[in-house]
Amino acid sequence: MTERPLADNIAKLLERVRLGAEKSQRNSGDIRVLAVSKTRPASDIRAAYECGLRDFGESYLQEALPKISELTDLDIRWHFIGPIQSNKTRQIAEHFDWVHSVDRARVAKRLNDQRPLQMPALQVCLQVNISGEESKSGATVEELPALVREVLSLPRLCLRGLMAIPAATNDPEAQRRAFAQLRSSLEQLQLFAPGMDTLSMGMSGDLEAAIHEGATIVRTGSALFGARNR
Ligand SMILES: *Cc1c(COP(=O)(O)O)cnc(C)c1O
């Protein structure tokens with residue numbers, strides 16, 4: 001794919017978010033764009049930052065750490081959005097502001113115990129396997145209440161909401177159904193965890209459907225940086 005200028009892509013994406021919010025009678029200020037910078041060099045992140053983006057998401061710890069240390073002069077909020085291996089929790093707890101992919105109590109407990117005391121509490125979303133795909137990580141909807149109670153008891157974690165990556169589909173109705181399911185799970189949990197205010201859902205291909213169903217963070221990679229060549 002030919003490289004389109006980043007500033008253009010960012011402007012187009014923000015316009016998609018604005019229009020999506022307007023169509024759903026939502027305030028676009030309530031929807032945060034998380035720039036997913038996996039596979040992209042630190043120079044791309046710096047360029048996107050200079051265009052005004054502040055939130056960046058990484059999926060692979062070994063790839064993220066050198067970029068984070070190269071960009072310490074910038075006021076970036078780093079979000080970890082990839083699968084979490086237990087032996088990686090310390091570095092996640094030490095280097096990230098948000099984690100979207102907590103899906104079991106053991107990982108939550110380790111992140112809590114390893115979060116440095118001089119840092120603010122780690123902002124946490126629980127990843128939900130909303131489409132019930134065997135290959136995907138994420139807690140089941142049934143596991144959520146117990147997991148929420150566990151995370152609420154951990155003082156170094158601040159439980160913010162839910163994250164999902166539904167099965168990929170081009171059917172807007174199916175996209176909406178999956179996102180609506182996540183929203184309804186959040187609404188049930190809010191009855192005893194009123195601090196949960198975040199729905200991390202929607203990517204480059206389905207962010208309109210996600211915004212329609214209440215997304216407060218959309219995670220976009222290819223719409224900003226172009227297709228990934230792995
Ligand atoms: C890669 C990735 C994204 C971004 O996907 P795009 O389709 O490039 O926007 C969002 N969320 C997660 C968890 C990802 O791994």
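For clarity, every value in this text was computed on a predicted model and none was experimentally measured. When a ligand or atom number is given, it counts from 1 through the structure's own listing order.
The closest protein non-hydrogen atom to atom 9 (O) of ligand 1 is Ser204 OG, 2.5 Å. Ser222 OG, 3.7 Å is the protein heavy atom nearest to atom 7 (O) of ligand 1. Annotation: atom 12 (C) of ligand 1 to nearest protein heavy atom, Ile81 CD1, 3.6 Å.
In summary, the side chains of Arg219 and Ser200 do present a donor paired with an acceptor at a separation below 3.5 Å, with no hydrogens or angles considered. Of the N and O atoms on the side chains of Gln114 and Thr89, at least one donor lies less than 3.5 Å from an acceptor on the other residue. Using modelled atom types and a 3.5 Å distance limit, the side chains of Gln91 and Lys88 yield no donor-acceptor pair. Between the side chains of Ser28 and Glu22, no donor-acceptor pair is found at a separation under 3.5 Å. Arg110 and Ser86 share no donor-acceptor pair across their side chains, judged by distance under 3.5 Å alone.
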Q: Begin with the C-alpha distance, continue with both residues' side-chain angles, and end with the deciding distance and a verdict on side-chain hydrogen bond (donor to acceptor under 3.5 Å, both in side chains) for His79 and Asp97.
A: CA-CA 6 Å; His79 299 243; Asp97 303 291; over 6 Å; no

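In Asn170, the CG atom is not crowded: 12 or fewer heavy atoms of neighbouring residues, nucleotides or ligands sit closer than 6.0 Å. Within 6.0 Å of the CZ atom in Arg54, the count of heavy atoms belonging to other residues, nucleotides or ligands exceeds 12.
Not a single heavy atom of His100 sits under 4.0 Å from any atom of ligand 1.
Every atom of ligand 1 with a heavy atom of Gly221 under 4.0 Å away is listed here by number and element: 4 (C), 6 (P), 8 (O), 9 (O). Counting atoms of ligand 1 from 1 in the listed order, those under 4.0 Å from a heavy atom of Ser59 are 15 (O). If you number the atoms of ligand 1 from 1 as listed, the ones under 4.0 Å from a heavy atom of Ile165 come out as 13 (C).
When Met163, Met201, His79, Arg219 are checked for heavy-atom proximity to atom 11 (N) of ligand 1, Arg219 turns out nearest. Heavy-atom proximity to atom 14 (C) of ligand 1, evaluated over Gln127, Lys38, Met203, is greatest for Lys38.
The shortest N/O to N/O separation between Thr220 and ligand 1 does not fall below 3.5 Å. Here's the thing with Ala223: none of its N/O atoms is less than 3.5 angstrom from an N/O atom of ligand 1.
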